Amino acid sequence: MTILDLKTATELGRVSAGSVLIASPPQIRQGKHNEFMVGNFTTPEGTAEFKIWEERTFAVVRDKGPGIYDVEVEGSEYNGIYLTVRRIQPTSNPDWIKSDFLPTIPREQLTLLWQKVRTRLQALGVTDQAWQLLEAMLADPQLEGRYVIEGAAIYYHDNRVGGLLNHTGKMLNILAAVLENLPALQASADLLFLGIALHDLGKVFEYRDLGLGEYWYANHRIRGIEFIAGYKEKIITTYDETFYRQLQTIIMGHHGDYGDRPTTVAAGIVHYIDTLESQTTSMLESQAESQDGRLRFGDWGWLQGIPVD
């Protein structure tokens, strides 16, 4: 059996079969008459939501948990596109491995993005010592080199291998535009640069291979602050304690009203840059998966797409 083609499988009414990865535990919800299962299938194309309406069908997933499965699905729609699972069982192909199903951003693309953004930011006041500090932190064995591997999210945006690096690089590009438009902020270029570079670093601990990590409930903001505590002395020596505390507030407050609210201007700026990048990417990813050019987005309901290359 081949890997399920998500693009064709999500066509309304189409019945398809193939192999998929369930990367993180699905949820069991209570419907009007009985329980049903909701989760996400992952393939190199991306992810697609699935629903299993009968307990006798979803029992195997409930009991076995995340893994690789062979499925028969039907494209469905109700408040958005999803896949109705008609049959599901652990894969019969012993050669499949998890990485076969993970969508990946090409490493060359990520390298070029970061090379360009480094050149832009250095011209706008980000110092060599800030880059050297970041490089030292990213080389920490605790990270297992996964800052350049992990996704930026499980469901919503840049949920691909390399997605964390991609999301962060795009945010730094937006920072460069902000610094160009507001030259007064260049006095804080190092702070904003390191704040963005480190704001989601804790996802290396919260996630694992585009699914939830073992201690996911200690979220990436908590784990990010915990991580930089190991570099407290180095940061204070390079800058001062105010700089270190400001970095903490960025990591703590970058979710805005959806977490601990920002307590500094720096945290507020990073929050807005984060929101712009992640939400724009999420809309474009949803549009790319749409069958008719429309997408359903948050509380706004249906949006008509725009031309994109």
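These numbers come from the heavy atoms of this one structure, side chains and all, not from hydrogens, waters or symmetry mates. Quantities reported herein were computed from a predicted structural model and do not represent experimental measurements.
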Mind listing the closest non-hydrogen atom pair of [X] and [Y] along with its distance?
{"X": "Gly293", "Y": "Gln287", "value": "O-CG, 4.5 Å"}
{"X": "Ser278", "Y": "His157", "value": "CB-NE2, 3.6 Å"}
{"X": "Ala130", "Y": "Val126", "value": "CB-CG1, 4.2 Å"}
{"X": "Ile250", "Y": "Leu191", "value": "CD1-O, 4.0 Å"}
{"X": "Thr10", "Y": "Ala48", "value": "CG2-CB, 4.3 Å"}
{"X": "Val73", "Y": "Ala9", "value": "CG2-CB, 4.3 Å"}

Residue among Thr275, Thr280, Thr281 satisfying side chain to side chain donor-acceptor pair (under 3.5 Å) with Glu277 = Thr281
So, the side chain of [X] versus the backbone of [Y]: is there a donor-acceptor pair under 3.5 Å, distance only?
{"X": "Asp190", "Y": "Thr127", "result": "yes"}
{"X": "Glu72", "Y": "Val15", "result": "no"}
{"X": "Asp100", "Y": "Trp96", "result": "no"}

Identify each donor-acceptor pair in which a side-chain atom of residues 32-46 lies under 3.5 Å from a protein atom, sequence neighbours left out, and give them as a table.
unit_1, atom_1, unit_2, atom_2, d
Thr43, OG1, Glu45, N, 3.2
Glu45, OE1, Leu6, N, 2.5

Evaluation steps, salt bridge (Lys or Arg N to Asp or Glu O under 4.0 Å), between Lys203 and Glu206 | CA-CA 5 Å; Lys203 288 182 177 178; Glu206 183 178 1; over 6 Å; no
Is the distance between the ring centroids of [X] and [Y] less than 6.0 Å?
{"X": "His271", "Y": "His254", "answer": "no"}
{"X": "Phe297", "Y": "Trp302", "answer": "no"}
{"X": "His220", "Y": "His255", "answer": "yes"}

Once rounded to the nearest 0.5 Å, what's the spacing between atom [atom1] of [X] and atom [atom2] of [Y]?
{"X": "His167", "Y": "Asn159", "atom1": "NE2", "atom2": "CG", "result": "12.5 Å"}
{"X": "Thr264", "Y": "Leu247", "atom1": "OG1", "atom2": "CG", "result": "9.5 Å"}
{"X": "Asp260", "Y": "Thr249", "atom1": "CG", "atom2": "OG1", "result": "11.0 Å"}
{"X": "Lys234", "Y": "Thr237", "atom1": "NZ", "atom2": "OG1", "result": "8.0 Å"}
{"X": "Asp5", "Y": "Glu11", "atom1": "CG", "atom2": "CD", "result": "8.5 Å"}
{"X": "Leu102", "Y": "Ile97", "atom1": "CG", "atom2": "CD1", "result": "9.5 Å"}

Is there a side-chain contact between [X] and [Y], using heavy atoms and a 4.5 Å cut-off?
{"X": "Tyr231", "Y": "Asp140", "value": "yes"}
{"X": "Phe227", "Y": "Phe205", "value": "yes"}
{"X": "Ile196", "Y": "Ile174", "value": "no"}
{"X": "Leu175", "Y": "Met171", "value": "no"}
{"X": "Leu143", "Y": "Pro141", "value": "no"}
{"X": "Ser76", "Y": "Lys51", "value": "no"}
{"X": "Phe50", "Y": "Pro26", "value": "yes"}
{"X": "Tyr69", "Y": "Ser19", "value": "no"}

In terms of hydrophobic clusters joined by side-chain contacts under 4.5 Å, are [X] and [Y] together?
{"X": "Leu276", "Y": "Leu295", "value": "no"}
{"X": "Leu83", "Y": "Val60", "value": "yes"}
{"X": "Leu164", "Y": "Leu172", "value": "yes"}
{"X": "Ile273", "Y": "Leu134", "value": "yes"}
{"X": "Ile149", "Y": "Ile105", "value": "yes"}

Evaluate the criterion side-chain hydrogen bond (donor to acceptor under 3.5 Å, both in side chains) for residue pair Ser290 and Asp292; output intermediate values, then yes/no.
-> CA-CA 6 Å; Ser290 170; Asp292 61 3; 3.1 Å; yes
Trp131 vs Trp114 aromatic rings, parallel, tilted or perpendicular, using cut-offs 30° and 60°?
-> perpendicular
Would you please test Met137 and Ile228 for side-chain contact (heavy atoms from CB on, under 4.5 Å) and show each step?
-> CA-CA 8 Å; Met137 297 170 83; Ile228 71 166; 3.6 Å; yes
Would you kindly say whether Gln248 and Arg245 are connected by a side-chain donor-acceptor distance under 3.5 Å?
-> yes
Side chains of Thr168 and Asn166: donor-acceptor distance under 3.5 Å anywhere?
-> no
Indicate yes or no: does Glu54 engage Arg87 in a salt bridge with an N to O separation below 4.0 Å.
-> no
Verdict with supporting geometry, Arg86 and Glu74, side-chain contact (heavy atoms from CB on, under 4.5 Å) | CA-CA 7 Å; Arg86 298 164 50 143; Glu74 181 177 349; 3.6 Å; yes
Stepwise salt bridge (Lys or Arg N to Asp or Glu O under 4.0 Å) check, Asp200 with Arg221 = CA-CA 7 Å; Asp200 270 351; Arg221 288 166 289 154; over 6 Å; no
Yes or no on side-chain contact (heavy atoms from CB on, under 4.5 Å) for Phe243 and Ile236, after CA distance, side-chain angles and deciding distance?
-> CA-CA 7 Å; Phe243 189 99; Ile236 292 175; over 6 Å; no
So Asn173 and Leu113, side-chain contact (heavy atoms from CB on, under 4.5 Å) or not? Walk me through it.
-> CA-CA 9 Å; Asn173 255 329; Leu113 169 64; 3.5 Å; yes
Residues Glu180, Arg120; criterion salt bridge (Lys or Arg N to Asp or Glu O under 4.0 Å); working and verdict | CA-CA 10 Å; Glu180 288 169 349; Arg120 287 188 72 190; 3.4 Å; yes
